[in-house]
Undergrad: 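One structure coming up, written as structure tokens, with questions to follow.
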Amino acid sequence: MNSYLIKSATLADGTITDVVVYDGSIKSLKAEDGAGLEIIDAKGLMLFGGFVDMHTHLREPGFEQSETILSGSKAAAKGGFTGVNAMANTSPVADNAAVVELVSNLGKQAGYVEVQPIGAVTKNLHGEQLADLASMNSSSANVRVFSDDGICVSDSLLMRRALEYVRDFGGTIAQHAQDPSLTKGAQMNESELSFRLGLPGWPATAEASIVARDVLLTEQTGSKLHVCHVSTKETVDVLRWAKARGIAVTAEVTPHHLMLTEDLVSEYNTLFKVNPPLRNHEDVAAVRTALADGTIDIVATDHAPHPDESKACEWSAAANGMIGLENAASVVIKAMIETKLMNWVRFEEVMSKKPAEIAGMKNQGQGVVVGSPANLVLLDPASTYLVSPDSQSLSKNNPYVGLELPGQIRHVFFNGVATVRDGKLVEIR
Ligand SMILES: [Zn+2]
Ligand SMILES: [Zn+2]
């Protein structure tokens with residue numbers, strides 16, 4: 001059980017190899033060690049360490065009509081992921097040991113991916129009092145990343161205290177950078193288009209100014225900061241400066257900010273309403289360059305499921321967010337590989353190795369290495385597919401439906417268990 005011989009797979013660096021998966025681990029890279037095992041023909045397929053998502057909204061507990069930990073885990077597996085980090089803005093909020101342990105245990109029961117809970121920074125996400133960060137860290141869920149995502153920790157003193165507090169146990173604060181005073185009622189990127197459409201604008205400075213403050217606080221406290229969903233060229237400039245200065249900051253970009261622009265808003269299709277908003281072509285070019293050169297460390301989906309009624313309404317009333325797990329790798333291939341901005345080695349870094357490192361997930365991101373857990377994904381770089389509205393997610397707010405995207409996910413193994421075979425999700429229980 002859970003043992004396979006993967007034949008003739010292509011690694012990120014172009015090497016062609018056989019891989020023996022035995023009892024959940026990578027046992028050998030020699031075919032003869034896998035004699036008698038079930039054979040997976042991987043000719044022409046790329047083999048990577050399973051993808052790791054640093055930023056996923058699984059919605060359970062509290063919003064199970066949008067997504068559950070099981071449905072979100074299935075969507076993740078279908079997209080080639082073997083690990084996800086579940087954001088804390090559930091109901092109840094994941095701001096204490098009991099809720100993070102619940103999320104972690106439901107993830108284990110689902111069994112499709114490793115689900116690591118992110119704890120809230122402040123009680124109830126109210127931005128007033130720090131949550132009990134140490135007790136979430138020392139709980140069985142062993143929380144290492146904390147975020148009020150959805151809401152910015154905008155109070156500077158509270159942000160400073162949070163950074164100081166997690167420093168003692170090596171934790172990280174992941175910030176949703178959005179100055180609330182600059183974005184009251186904001187509906188889309190602030191631009192000529194927002195004036196023309198008559199929609200209140202969301203200025204780039206609302207993001208970059210918080211990131212500038214936070215990197216300085218991080219330097220002062222000697223702590224660790226992760227910046228969620230970077231969307232503007234100004235933020236990229238701030239990050240470049242901070243990294244050159246040696247500040248311990250990491251950053252993510254979403255697939256949608258790598259590919260989609262504000263122009264899509266002009267027909268008021270609420271599928272394109274997202275926080276932070278879609279920006280302009282210059283911003284997309286800037287985040288692409290930053291991901292290629294390491295200023296932005298990783299891709300994270302910000303998978304944000306919403307029920308139809310939250311999207312089937314007028315623009316100003318619609319919820320922010322898009323689902324993204326199942327098509328994430330394809331969008332990155334289209335935006336970064338097909339444009340030759342990035343090679344497959346960098347692809348594996350931004351999709352698997354670095355997010356595992358930032359999230360502190362020790363059983364993820366090791367790539368194809370003998371002795372490590374068999375968390376693996378095989379994708380077909382030569383194939384394309386039409387994105388259909390059918391998905392594993394309980395929500396349908398997918399902005400890519402109808403597009404043709406490259407890089408079908410063919411097989412996925414989570415701790416040696418096949419979760420996807422021949423492009424189809426395996427019902428594992
Ligand atoms: Zn956010
Ligand atoms: Zn989010």
Side-chain angles (χ1 to χ4, degrees), residues 52-60 62-63 66-67 69 72 75-76 79 81 84-91 93-95 103 115-122 125-127 145-154 159 162 172-180 182-183 186-189 202 204 206-211 214 225-232 235 239 249-258 260 271-279 283 287 296-306 310-311 318-325 328 355 358-359 393 395 397-399:
V52 175
D53 192 12
M54 182 77 196
H55 188 150
T56 319
H57 295 275
L58 293 177
R59 302 297 191 217
E60 186 177 3
F63 306 102
S66 300
E67 199 78 287
I69 288 170
F81 290 88
V84 302
N85 287 262
M87 275 298 175
N89 61 342
T90 50
S91 177
V93 171
D95 64 0
V103 170
V115 176
Q116 175 168 284
I118 289 178
V121 177
T122 69
L125 307 176
H126 283 171
V145 180
F146 299 87
S147 182
D148 275 4
D149 182 60
I151 303 171
C152 183
V153 180
S154 59
M159 186 63 183
T172 299
I173 302 291
Q175 176 73 290
H176 171 112
Q178 177 193 354
D179 184 332
L182 286 171
T183 53
Q187 292 292 325
M188 69 169 292
N189 184 40
W202 186 310
E207 179 175 296
S209 61
I210 293 289
V211 176
D214 286 353
L225 172 72
H226 178 73
V227 180
C228 296
H229 41 55
V230 172
S231 70
T232 76
T235 303
L239 287 170
V249 57
T250 55
E252 68 189 34
V253 61
T254 67
H256 47 274
H257 289 110
L258 285 172
L260 310 177
L271 282 178
F272 301 114
K273 186 171 177 184
V274 66
N275 176 350
L278 299 178
R279 305 289 187 176
D283 294 306
V287 293
I296 293 176
D297 300 83
I298 62 170
V299 171
T301 69
D302 199 5
H303 176 83
H306 288 293
S310 301
K311 285 290 192 180
N320 281 308
M322 313 169 158
I323 59 172
L325 286 166
I358 295 166
S393 175
S395 293
N397 52 314
N398 184 343

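If you're wondering where the values come from, they're calculated on a predicted model, not measured in any experiment. Counting starts at 1 for both ligands and their atoms, in listed order.
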Undergrad: Has Cys228 got an N/O/S atom less than 2.8 Å from the Zn ion (ligand 1)?
TA: no
Undergrad: Restricting to N/O/S, name the atom of Asp302 that gets closest to the Zn ion (ligand 2).
TA: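 The Asp302 atom nearest to the Zn ion (ligand 2), restricting to N, O or S, is OD1.
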Undergrad: Side chains of His57 and Asp149: do they bring a donor and an acceptor to under 3.5 Å?
TA: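 Looking only at side-chain atoms, Asp149 and His57 do form a donor-acceptor pair, the distance falling under 3.5 Å.
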Undergrad: Looking only at atom types and distance, does a side-chain atom of Asn397 sit under 3.5 Å from a main-chain N or O of His306, one as donor and one as acceptor?
TA: yes
Undergrad: Measure the acute angle between the ring planes of His229 and His55, then classify it against the limits of 30° and 60° as parallel, tilted or perpendicular.
TA: tilted
Undergrad: Any chance the side chains of His303 and Asp53 put a donor and an acceptor closer than 3.5 Å?
TA: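 The criterion, which ignores hydrogens and geometry beyond distance, is not satisfied for Asp53 and His303.
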Undergrad: To make sure I understand the geometry: which N, O or S atom in His176 is closest to the Zn ion (ligand 1)?
TA: ND1
Undergrad: For the Zn ion (ligand 1), give me the closest N/O/S atom belonging to Asp149, just the atom name.
TA: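 Closest to the Zn ion (ligand 1) among those atoms: OD1.
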